[in-house]
Amino acid sequence: MADAIADTRRLYTKPQNLNDAYGPPSNFLEIDVSNPETVGVGRGRYTTYEVRLKTNLPIFKLKESSVRRRYSDFEWLRAELERESKVVVPPLPGKALFRQLPFRGDDGIFDDSFIEERRQGLEQFLNKVAGHPLAQNERCLHMFLQDEIVDKNYTPSKIRQA
Amino acid sequence: MNFFGFGQTAEIDIVLNDAETRKKAEHNGEDGRKEKYFRFYDGETVSGKVNVTLKYPGKRLEHNGIKVEFVGQIELYYDRGNHHEFVSLVKDLARPGELTQSQTFDFEFTHVEKPYESYTGQNVKLRYFLKVTISRKLSDITKELDIVVHTLSTYPDLNSSIKMEVGIEDCLHIEFEYNKSKYHLKDVIVGKIYFLLVRIKIRHMEIDIIRRETTGTGPSVYNENDTIAKYEIMDGAPVRGESIPIRLFLSSYELTPTMKDVNKKFSVRYFLNLVLIDEEDRRYFKQQEIILWRKGDIVKKSMSHQAIMAAQRFEGSSNPEKSHSQSAEDGKS
């Protein structure tokens with residue numbers, strides 16, 4: 001008394017090219033934030049981090065790059081992306097102003113554990129942002145990741161066809 | 001005399017003539033609870049008996065007339081006062097007078113038109129019911145019996161597959177295909193997703209069934225979207241050239257047929273939403289409308305003659321399940 005059995009056979013599919021199946025995927029993008037180094041002396045000290053990128057995405061000019069950036073550079077990038085793109089930009093690890101006050105028991109913003117926490121947060125931030133298809137269109141992101149120096153007087157623009 | 005409950009009153013009971021043989025169907029109430037009601041098709045006769053039982057035997061019940069109505073109405077929740085009746089039939093059972101004892105009245109609404117399917121939704125309800133009214137000076141005595149109406153369709157003549165290439169330039173290109181555009185409520189959606197370009201890190205992919213209920217007209221249109229089902233079809237990261245099959249059985253879900261512009265008051269439409277989610281929880285999606293329709297039951301000997309007529313009118317003569325108009329791989333994975 002059951003209805004006729006429905007035809008549930010799969011639709012026809014093209015066999016996959018073995019190069020596509022076993023070759024490197026086209027979405028390879030790895031960003032590491034590491035090697036914190038404190039530069040300068042006295043009150044003018046600041047910490048820089050190495051931002052290393054490895055990718056096979058055509059939108060990035062360099063398949064491998066390594067630059068040094070400080071926290072204020074990350075802040076600049078976040079502000080640019082918020083203003084120029086429609087992306088909901090994830091938050092950065094904290095600014096830790098209270099750590100910059102005098103008379104602390106520890107090393108303040110040069111404390112090893114703080115730097116490590118901040119390093120992790122910056123790495124998470126960059127991986128979230130750099131993988132976003134819309135953020136990848138912004139000149140500021142590419143300049144931050146792959147240019148030697150961040151030119152804060154640049155002209156904001158969109159990247160067209162890599 | 002009818003004060004403080006000393007006056008005569010009566011209980012009304014409505015019994016259908018084919019209550020033994022007529023099938024019942026489950027229908028959701030406004031509160032979400034499911035109940036079973038007698039199921040009718042368009043054109044079927046609604047006939048039965050009204051039993052009026054006096055509460056105090058021996059006392060008379062004075063009344064201004066007894067009638068039975070068959071009503072089909074649309075009720076918009078934001079405008080409860082105004083019911084839109086699209087079917088309204090009346091039969092007088094008794095002229096004004098008095099009942100000296102409990103009595104039974106016969107009624108028949110012959111070949112009643114029931115143009116729309118019963119529907120209880122988020123903002124609108126369409127229902128059919130019998131209503132008996134004993135009119136009295138101070139307060140009427142009424143009783144309602146709800147029924148459920150199903151609208152049947154035939155296999156559509158034209159039922160093309162849906163095939164489309166969509167994506168984000170240089171990031172993600174997919175081609176999706178669903179084997180039909182019109183599915184009956186117990187059908188299976190067979191399809192596939194073919195990846196042409198994958199430059200993002202996908203974590204999984206799912207298909208959602210969304211019901212969109214539209215009420216109101218003109219500037220005050222209100223759309224209510226409800227996700228009826230979420231069905232994961234892929235876990236992990238695909239690469240270029242990979243095909244992911246889809247096989248989604250609709251009978252597991254509570255669906256109604258697609259209803260377009262019912263009595264110009266509301267619509268109920270269904271969409272398949274293909275959703276891809278990447279490693280950072282970003283969602284990429286493509287929505288596609290499908291038409292749902294109700295297929296008639298297989299004819300059984302126990303059905304009433306009229307139900308048989310109704311079902312036979314709607315059984316398709318062709319059986320598309322047996323046709324091989326679509327090339328399909330024979331069991332090869």
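Quantities reported herein were computed from a predicted structural model and do not represent experimental measurements. Note on naming: letters A, B, ... go to the chains in the order of the sequence lines (proteins, then strands), and numbering restarts at 1 for each one.
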(request) Answer yes or no: does atom CD of B:E165 have more than 12 heavy-atom neighbours from other residues, nucleotides or ligands under 6.0 Å? (result) yes
(request) Please say whether more than 12 non-hydrogen atoms of neighbouring residues, nucleotides or ligands are located less than 6.0 Å from CG in B:D157. (result) no
(request) Can you check whether anything in residues 73-97 of chain A gets within less than 4.5 Å of chain B, heavy-atom wise, and list it by number? (result) none
(request) Report the distance from atom OG1 of A:T8 to atom CD1 of B:I246, rounding to the nearest 0.5 Å. (result) 13.5 Å
(request) Could you tell me whether A:K152 atom NZ has more than 12 heavy atoms of other residues or ligands within 6.0 Å of it? (result) yes
(request) Applying side-chain contact (heavy atoms from CB on, under 4.5 Å), run through B:D170 and A:I59 and close with a yes or a no. (result) CA-CA 8 Å; B:D170 295 330; A:I59 196 147; over 6 Å; no
(message) Could you measure the distance from the CD1 atom of B:I244 to the CZ atom of A:R10? Nearest 0.5 Å is fine.
(response) 9.0 Å
(message) Can you tell me how far apart CD (A:Q16) and OH (B:Y194) are? Round to the nearest 0.5 Å.
(response) 7.5 Å
(request) Begin with the C-alpha distance, continue with both residues' side-chain angles, and end with the deciding distance and a verdict on side-chain contact (heavy atoms from CB on, under 4.5 Å) for A:L11 and B:E177. (result) CA-CA 9 Å; A:L11 300 182; B:E177 184 176 345; 3.8 Å; yes
(request) Output, in order, the C-alpha distance, side-chain angles, deciding distance and verdict of side-chain contact (heavy atoms from CB on, under 4.5 Å) for B:K192 and A:T13. (result) CA-CA 8 Å; B:K192 72 178 208 283; A:T13 60; 3.4 Å; yes
(request) Taking heavy atoms only and a threshold strictly under 4.5 Å, list by residue number the residues of residues 25-56 of chain A that touch chain B; give 'none' if the list is empty. (result) A:P25, A:S26, A:N27, A:L29
(request) For A:E148, look at atom CD and say whether over 12 heavy atoms of other residues, nucleotides or ligands are found less than 6.0 Å away. (result) no
(message) A quick test of your reading: do over 12 heavy atoms of other residues, nucleotides or ligands sit less than 6.0 Å from OH of A:Y154?
(response) yes
(request) Can you check whether anything in residues 129-142 of chain A gets within less than 4.5 Å of chain B, heavy-atom wise, and list it by number? (result) A:G131, A:H132, A:P133, A:Q136
(message) Just to be sure I understand the criterion: a residue of residues 225-242 of chain B counts if one of its heavy atoms is under 4.5 Å from a heavy atom of chain A. Which ones qualify?
(response) B:V239, B:R240, B:G241, B:E242
(message) Nearest 0.5 angstrom please: A:K14 NZ to B:E175 CD, how far?
(response) 7.0 Å
